[in-house]
There are 2 protein chains.
Amino acid sequence: MKRDSRLSSVLHALLHMAERGEPLTSEHLATCIGTNPVVVRRTMGLLRNVGLVQSARGHAGGWSLAIDLKAVTLRQLHEALGEPAVFAIGNRNENPHCLVEQSVNAVMDEAFAEAEALLLDRFGAITLADLSAEFSRRHMAHLKERNKNAS
Amino acid sequence: MKRDSRLSSVLHALLHMAERGEPLTSEHLATCIGTNPVVVRRTMGLLRNVGLVQSARGHAGGWSLAIDLKAVTLRQLHEALGEPAVFAIGNRNENPHCLVEQSVNAVMDEAFAEAEALLLDRFGAITLADLSAEFSRRHMAHLKERNKNAS
DNA sequence: CTATTTCGTAATAAACGAAGTTACATGAAG
DNA sequence: CTTCATGTAACTTCGTTTATTACGAAATAG
């Protein structure tokens, strides 16, 4: 199955936008992410729909953050993307006539529901600021490593 | 996204096999599940590889259980199927050069790992016997309902 | 005002993986 | 030796995500 990687992509884009204070073009973001400008516009457009980012056309236009990093959770982003299906495995038939299959579905659905609830809960607890902090840590470690090698 | 429904399918098949004591043909199972005999053989073959079922050719041949219902968990079946990817969402790039993307991946992977662990844990706690019991409950309720309507 | 930049969006193609299908070989039982 | 049933390879179909092409709309520089 092909995985939906849009959440990953938008996080990548949003952090780059946070690093640089100025608006970034779809072209620029597409290069960062390794995709196509149109894909960026399509995906970022969903975030704009819920007020997380702004876009401007023409010279010096592009995409910029509309909110504070601390105020956005991964869960909000997941929702902004239309809450795509979380699981790549699932029931064969959602409304089966067969009682055996109904039983299988009922038991599996319960397990899936719990796992999904946990995932969304974790997503709800992670903000863009957390990711930014994680990046800073790694950036520091990276610089330190370079210094050590250079000396 | 197209979900992998093989776990659901084999559960359905295994329970039907448990209901009837005799070997069931791929043809028969395919009809139960609503698929193709070759697909059944392909999938059940994976279970045979780990000793969960047996197959026999020729007259009176077909598929039969090789173990006790209480001794098989959903997790074992998931493993027998090759541990297919659980999530339909994921990182865009598994080994990124960009530090920003590495940070995103690290944080997301943690959340996914926790949710996957929970799901597999639940799968490990559910046996075929549990599913069979769930079916019995539903079967009883179904018969009761029919009686009520008939009277 | 016109050229350039950049977003907005529709339409279409490409890429990928699961499931379905066809075809035929192999082996067991009557 | 015929029939039934699995074993398996090869190929097709189908659904979904991502990429690409094409062009329109708005903002700004000169």
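Order of the sequence lines sets the chain letters (A, B, ...), proteins ahead of strands, with each chain counted from 1. Since the structure is predicted, the reported quantities are computational estimates derived from the model, not experimental observations.
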May I have the distance from [X] (atom [atom1]) to [N] (atom [atom2]), rounded to whole angstrom?
X	N	atom1	atom2	result
A:L46	C:dC7	CG	C1'	15 Å
A:R6	D:dT16	CZ	P	13 Å
A:L81	D:dT17	CG	P	12 Å
A:I33	D:dT17	CD1	P	18 Å
A:Q54	D:dA27	CD	P	14 Å
B:H28	D:dT6	NE2	P	12 Å
B:E27	D:dT3	CD	P	17 Å
B:L29	D:dT6	CG	C1'	12 Å

Q. For the side chain to side chain contact (heavy atoms under 4.5 Å, CB included) test, which of A:I126, A:V50, A:V72 pairs with A:L77?
A. A:V72
Looking at [N], I'd like to know if its phosphate oxygens (OP1 or OP2) sit under 4.0 Å from a side-chain N or O belonging to [X].
X	N	answer
A:R92	C:dG20	yes
B:S55	D:dA5	no
B:R57	D:dT3	no
B:T35	C:dG20	yes
A:T25	C:dT6	no
A:S5	D:dT18	yes

(Q) Taking any heavy-atom pair under 4.0 Å as a contact, classify A:G45: base, sugar-phosphate, or nothing. (A) nothing
Q. Hey, does A:R42 reach any base, or is it just sugar-phosphate, or nothing, if we go heavy atoms under 4.0 Å?
A. base
Q: Give the intermediate values and the outcome of side-chain contact (heavy atoms from CB on, under 4.5 Å) for residues B:T43 and B:S9.
A: CA-CA 9 Å; B:T43 313; B:S9 294; 5.7 Å; no
Q: Could you say whether B:N36 or B:G58 is positioned toward the 5' end of DNA chain C, judged by the nucleotide with the nearest heavy atom to each?
A: B:N36
I'd like a table of donor-acceptor pairs (distance under 3.5 Å, sequence neighbours excluded) in which one partner is a side-chain atom from residues 82-93 of chain A, with atom names and distances.
{"from": "A:N91", "atom 1": "ND2", "to": "A:E94", "atom 2": "OE2", "distance (Å)": "3.1"}
{"from": "A:N91", "atom 1": "ND2", "to": "A:D109", "atom 2": "OD1", "distance (Å)": "2.9"}
{"from": "A:R92", "atom 1": "NE", "to": "B:I33", "atom 2": "O", "distance (Å)": "3.3"}
{"from": "A:R92", "atom 1": "NH2", "to": "B:G34", "atom 2": "O", "distance (Å)": "2.7"}
{"from": "A:N93", "atom 1": "OD1", "to": "A:N95", "atom 2": "N", "distance (Å)": "3.2"}

(Q) Pair A:S55, A:R48 - check side-chain hydrogen bond (donor to acceptor under 3.5 Å, both in side chains), show working. (A) CA-CA 8 Å; A:S55 61; A:R48 186 192 45 219; 3.0 Å; yes
Q | Least distance between heavy atoms, A:D121 atom then A:R75 atom | A | N-NH1, 4.4 Å
Q. In terms of side-chain heavy atoms, does B:W63 have a donor or acceptor partner in B:T25 at a distance below 3.5 Å?
A. no
Q: Between A:R41 and A:G34, name the one whose nearest nucleotide on DNA chain D is closer to the 5' end.
A: A:G34
Q.
Would you say CD of B:E27 has more than 12 non-hydrogen atoms from neighbouring residues, nucleotides or ligands within 6.0 angstrom?
A. no
Q. Hey, are the side chains of B:L69 and B:L65 touching, using non-hydrogen atoms and a 4.5 Å cut-off?
A. yes
Q.
Can you give me the bend angle of the helix from C:dC1-D:dG30 to C:dG30-D:dC1? Use the axis through the first five pairs and the one through the last five, nearest 10 degrees.
A. 10°
Q: Kindly point out which of D:dA27, C:dA10, C:dT21 is positioned nearest to the side chain of A:H59?
A: D:dA27
